[in-house]
Amino acid sequence: VVRSKAPPASLHRDEEASAIELSMDVRTEAPWTVLDVAGELDLSTAPQLRKQVIRMADEGARRVALDFTRVDFIDSSGLGAIVASLKHLRELGGELALIAPEGSSLSKLVALTGLGGSFSIYAGSGDLPAG
Amino acid sequence: VDPRSSPTLTVPADPTLAITVRVFAAAAARRLGLDADSIDDLRLAASELFASAVEAGFGEFEIGIEGSADQWRLVASRAGDLDRAPDGVPFRRRDLLTSLFGPFEVLPDGRVIISGTSTA
């Protein structure tokens, strides 16, 4: 397992007002590049996630897993960033997996919005498909 | 502190204050004695209503949670257009809030009133 601290996202106009930082760490669990996310995902922090996934894709990652185990809160703005990340990776021929334990904020929101069929969600990184 | 008092929070519609709105909603819900699931639901509702207000470009947002654990009421002013889908997602905030709480009121002056009961 290779770990590295994700560099801070460059400040664009929609991020300048973002006082609350998401904590994001990148690790490799071949064939997956896993982004550990910690904090709360809302309209203020969601752009940081979207930019980080784009950065990872730019650096060549195609199978990306977002680990939401340590995300305490997510709303529809956060879900929008996940959908944007999914679309971006698919356009590049890649795929996006989500790691979220049952009962987590993300699992609840996905169930509420009926988007369960849109995502591949796993309870832990050990459940990610190896093939 | 009288748990039936009805504190309100008025904040500029600045994205960085979303967490403040959620902390307020959770604290107000906890004070009323709501159970953990209801507190989570109200935290999500507060975040969605605030995000909607920010997206609408309104200068100020106001939210209050009042009543009791048995019968509570969330009132939000200047919460924007709940029929608009948030960026990138194929659902409306109105539908999300209805999934959480059932039907709710939007008054002609734009105030949103969500009522509920707790099973706690």
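Below, chains carry the letters A, B, ... as their sequence lines are ordered, and counting in each starts from 1.
Residue contact with chain A, scored on non-hydrogen atoms closer than 4.5 Å, involves the backbone and the side chain of B:R43 alike. Only the side chain of B:D37 has a heavy atom closer than 4.5 Å to any heavy atom of chain A. Interface residue B:L100: backbone and side-chain heavy atoms are both found under 4.5 Å from chain A. Of the atoms belonging to B:D40, it is side-chain heavy atoms, and not backbone ones, that fall under 4.5 Å from chain A.
A:W32 and A:I121 are members of different hydrophobic clusters when ILVMFWY side chains are connected at heavy-atom separations under 4.5 Å. Hydrophobic clustering (ILVMFWY, side-chain heavy atoms < 4.5 Å, transitive): A:V34 and A:L41 are in distinct clusters. A single hydrophobic cluster is seen to contain both B:L82 and B:F61, as judged by linkage of ILVMFWY side chains at heavy-atom distances under 4.5 Å, directly or through other members. Both B:F101 and B:I39 are part of a single hydrophobic cluster, where members link through side-chain heavy atoms under 4.5 Å apart. Cluster membership for A:V53 and A:I99, using ILVMFWY side-chain heavy atoms within less than 4.5 angstrom, is not shared.
Once rounded to the nearest 0.5 Å, the distance linking CG of A:L112 with CG of B:L97 reads 10.0 Å. The distance from the CG atom of B:D14 to the OG atom of A:S44 is 8.0 Å, given to the nearest 0.5 Å. Separating the OG1 atom in A:T113 from the CG atom in B:D95 is a distance of 10.5 Å, to the nearest 0.5 Å. For the atom pair CZ (B:R93) and OG (A:S77), the distance works out to 5.0 Å, reported to the nearest 0.5 Å.
By the 4.5 Å heavy-atom criterion applied to side chains, B:L44 and A:K108 are not counted as neighbours. Residues B:V89 and A:I82 fail the side-chain proximity criterion, which asks for heavy atoms closer than 4.5 Å.
A:L43 and B:A18 make their closest contact through CD2-CB, 3.8 Å (heavy atoms, listed as atom of the first residue, atom of the second, distance).
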Hey, mind stepping through A:L115 and B:F91 against side-chain contact (heavy atoms from CB on, under 4.5 Å) and telling me if it holds? CA-CA 9 Å; A:L115 288 177; B:F91 59 82; 3.8 Å; yes

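Environment of CZ in B:R84: crowded, with over 12 heavy atoms of neighbouring residues, nucleotides or ligands closer than 6.0 Å.
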